[in-house]
Every structure is written in structure tokens, then in C-alpha cells.
Engineer: 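This structure is in C-alpha cells; I'll ask about it shortly.
Scope of the values below: all heavy atoms of this structure, side chains included, with no hydrogens, waters or symmetry mates. Lettering follows sequence order; numbering is per chain, from 1.
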Protein chains: 2
Amino acid sequence: MALSAALLAVAGELTRRIHDGVVARGFEGVRPAHGFAFARLAPDGATVTELAAHLGVTKQAASQLVDEMVRKGYVERRPHPEDARARLIMLTERGWACARAAEEAAVEAVRPWTELLGEREVRTLQGQLLRIAPHGPVRPSW
Amino acid sequence: MALSAALLAVAGELTRRIHDGVVARGFEGVRPAHGFAFARLAPDGATVTELAAHLGVTKQAASQLVDEMVRKGYVERRPHPEDARARLIMLTERGWACARAAEEAAVEAVRPWTELLGEREVRTLQGQLLRIAPHGPVRPSW
DNA sequence: GGGATATGGTCAACCTTCTTGACCATCTGG
DNA sequence: CCAGATGGTCAAGAAGGTTGACCATATCCC
């Protein structure tokens, strides 16, 4: 049980730090859920349905999230090049900037661990975690 | 970033498995949030205000959670022995049974890790996590 | 080709869980 | 013993999710 508690504590702390780091870089009104969405949209965009599958929510919920991100200027809905029903959700320039900020914040949040455990141990840690749950849920919900 | 993603994936997977394990043992209508509450109530009970502080929510929210757990038979409100304003929230017999089930489910959820990494590595992992965030938030929210 | 059916997306209504604000009962310090 | 602090609840509302209905377009199959 101690292991579970420690893991959840670290995950919660990490999420909080990344979020704080993103806010500190000037992106307000953004939630962790947006970050999980960015991860799917980043390479080439995605449809609402794909995003919903990625996040593990209904497509209505994903659509509302997109509404919000559009309103805040992070993404835009473009016509899909191959399917007139669908729309391709793509990051705007501001969206890319926010994604880069999240990346920086993540690196910054992990840095103290390297100072504490050493670089080799951190790599070991990462390897162990990847072996334990290579395909865990993207949006852990509880 | 890969490290962060792996950590969140493992945490999400772990939470899901513990929850499933508890449900499989016959406790329905119970959420992970209840488990976090049990952890504080288990030794000797606690007041609503203490529980709220533990969970990181308002005392109104904690009170509602207690309402729900009372309705489901996991806890009961008893008069506080030293403060007539307060009430001592204590686990019922069913509450204790559920807490034991969660403990079992947690052990079961972690067992595959031991098979995968070996017992020594898992202990190392636990030690590393405890050093990284010894006092992370109890109820990671995102 | 063309109609039945599947799929992408949205609108609307509702539910759950948390918050804020107001309030009462009781404890505590001067 | 009274003023202020603290424990708890009630009520209303915000946030973020779900289900159900619906339209537009794509795909399958004759």
C-alpha cells in the first residue's frame, strides 16, 4: 500500500508542478486536461472523435473541450481534407507555444529528481515505469 | 516528458486496478475518493474538518462525501467525545471490510510488478518515489 | 447509380461533484 | 461573561462530464 500511496503522491505533485510551470509562463485558464489533448493534437491534428478516444471520454465531452480551447485561442477547427463530415482540430501558434511551455515545465519539474537520485537512477526509474504500464490511460481519472 | 507520461500512466492504471479489485470483492458504488477518505478515518476516526484538510477540499464537500458514505453504510457520524460542536466520523464494520478489500486489491495490483522487475527492484522503486515526493497531495486532482 | 446503414459532429437536457456564501451551535480567551 | 474563533450544515450555483436526439456525409452492397 505504501508503494501505491507514494506513486499517487508523486503523480499528483508532478501534475501540480507542470501546471504551475505552464501558468508561470503566461498561459492562464489552462487545465491539465488541455495538456493531454495537446499531446494528441500536436503532430498533425486530429478529429474530435479521435481526441475523445485518446482522452477516454465521449465525443460530446471532447467537443466541449475543443470549444473551450478554441475560445482561448489554443486550437482551431479546420475542414478535414479527406472527409467532409469531419473537422481537423489543429493547434494554433499560441497552442504550440503552450505545448512548448508544458514541455519546459515538465523538464523543470523533473530536474530536482535528478539532483536527488542522480541521472542514472532517474533513467532506471523511467525504464521501470515504462515496463510496468506501457499503455496506461492517458487521462487518469479519479 | 516521457518520464512524466510514464508516471501518470502507471498511476492511472494502478488506481483503476485497485478500484476494480474493490468492486470485484463486492463493494459497489464506491469511488477512489472514498478510499482516500478511509485512509484518514481508519485509525480512530476524524472530524469533517480534518477530513476536508486531508483531502484538500472544502469542508462542505467533505460533508457531502460523508453523507454519501453514511448512505452507503461505510461510515457513521458519532458525537465527538470532547467537543459538542464536532462529530466524529468513524468507519462501520462494512467500512472496515471495504478498507481491507482495498488493501488486498492494492497488493494484488502491485504483484505483477514484482514478477516483472523482481522484489528488490520494486523496493528500490518505492524508495525512490518516497524520496521524490514524501508529502505529495493525497487526492491528486486533474 | 442508389438506397440502407454506419460514422463524424453538434445541440440540449440532465447528473455529479465541487465551490461560495450564509447561518447556527459551541468553544475559548481576555 | 461576552466577543471572536471554530465545527458543521443548508442552499444555490459553476464546472465538467453523460445520455439521447438529430443532421450531414461516407460507405457498403445490390
Engineer: Of all the choices, C/dT20, C/dG9, D/dG7, which nucleotide is nearest to the side chain of B/Gln60 once you look at every atom?
Structural biologist: C/dT20

Engineer: Is the shortest side-chain N/O distance from A/Arg31 to OP1 or OP2 of D/dA15 below 4.0 Å?
Structural biologist: no

Engineer: With sequence neighbours excluded, tell me which residues meet side chain to side chain contact (heavy atoms under 4.5 Å, CB included) with B/Asp83.
Structural biologist: B/His80, B/Arg85, B/Ala86

Engineer: Please table the atom pairs, donor to acceptor, closer than 3.5 Å between any side-chain atom in residues 32-49 of chain A and protein atoms at least two apart or in another chain.
Structural biologist:
unit_1, atom_1, unit_2, atom_2, d
A/His34, ND1, A/Arg31, N, 2.8
A/His34, NE2, A/Arg31, NH2, 3.4
A/His34, NE2, A/Glu68, OE2, 3.4
A/Thr47, OG1, A/Glu50, N, 3.1

Engineer: Measure from NZ on B/Lys59 to P on C/dA22 and round the result to the nearest Å.
Structural biologist: 14 Å

Engineer: Only distances under 3.5 Å count here; give the side-chain donor-acceptor pairs of residues 94-109 of chain B to other protein atoms, sequence neighbours excluded, each with its distance to 0.1 Å.
Structural biologist:
unit_1, atom_1, unit_2, atom_2, d
B/Arg94, NH2, B/Tyr74, OH, 3.1
B/Glu104, OE1, B/Arg25, NE, 2.8
B/Glu108, OE1, B/Arg25, NH2, 3.2

Engineer: Does anything in residues 54-65 of chain A pair up under salt bridge (charged side-chain N to carboxylate O under 4.0 Å, His left out), and if so which pairs, sequence neighbours excluded?
Structural biologist: none

Engineer: Closer than 4.0 Å, any side-chain N/O of A/Arg77 to the OP1 or OP2 of C/dT10?
Structural biologist: yes

Engineer: Separation of A/His34 atom NE2 from D/dA15 atom P, in whole Å?
Structural biologist: 12 Å

Engineer: OP1 or OP2 of C/dT10 sitting under 4.0 Å from any side-chain N/O of A/Ser63?
Structural biologist: yes

Engineer: Given atom CG of A/Asp67 and atom C1' of C/dG8, what is their separation to the nearest angstrom?
Structural biologist: 15 Å

Engineer: Write down the distance between CG (B/Leu88) and C1' (D/dG8), rounded to a whole number of angstrom.
Structural biologist: 14 Å

Engineer: Name each donor-acceptor pair under 3.5 Å that joins a side chain in residues 112-121 of chain B to protein atoms two or more places apart or in another chain, with its distance.
Structural biologist:
unit_1, atom_1, unit_2, atom_2, d
B/Glu119, OE2, B/Arg123, NH1, 3.4
B/Glu121, OE1, A/Gln128, NE2, 2.4

Engineer: CD of A/Glu68 versus P of D/dA15: gap in Å, rounded?
Structural biologist: 9 Å

Engineer: Counting side-chain heavy atoms from C-beta on, which of C/dT19, C/dG9, D/dG8 comes nearest to A/Val48?
Structural biologist: C/dG9

Engineer: For A/Thr58 and D/dG17, is the shortest distance between a side-chain N/O and OP1 or OP2 below 4.0 Å?
Structural biologist: no

Engineer: Out of D/dG17, C/dC18, C/dG9, which has the shortest distance to the side chain of A/Ala86?
Structural biologist: C/dG9

Engineer: In whole angstrom, give the distance that lies between atom CD of A/Glu50 and atom C1' of C/dG8.
Structural biologist: 10 Å

Engineer: Say you draw a straight line from CG of B/Leu3 to CG of A/Leu14; how long is it, rounded to the nearest 0.5 Å?
Structural biologist: 7.5 Å

Engineer: Check the distance between D/dG16's P and A/Leu55's CG and give it to me in whole angstrom.
Structural biologist: 14 Å

Engineer: If the sugar-phosphate is the primed atoms plus P, OP1 and OP2 and the base is the rest, what is the B/S/- string for nucleotides 23-30 of chain C, using protein heavy atoms under 4.0 Å?
Structural biologist: --BBS---

Engineer: Determine whether a donor-acceptor pair (N or O, by modelled atom type, separation under 3.5 Å) exists between the side chain of A/Lys72 and the backbone of A/Val30.
Structural biologist: no

Engineer: Atom CG of B/Leu51 to atom C1' of D/dT9: distance rounded to whole Å?
Structural biologist: 15 Å

Engineer: Is A/Thr49 close enough to C/dT7 that one of its side-chain N or O atoms is under 4.0 Å from OP1 or OP2 there?
Structural biologist: no

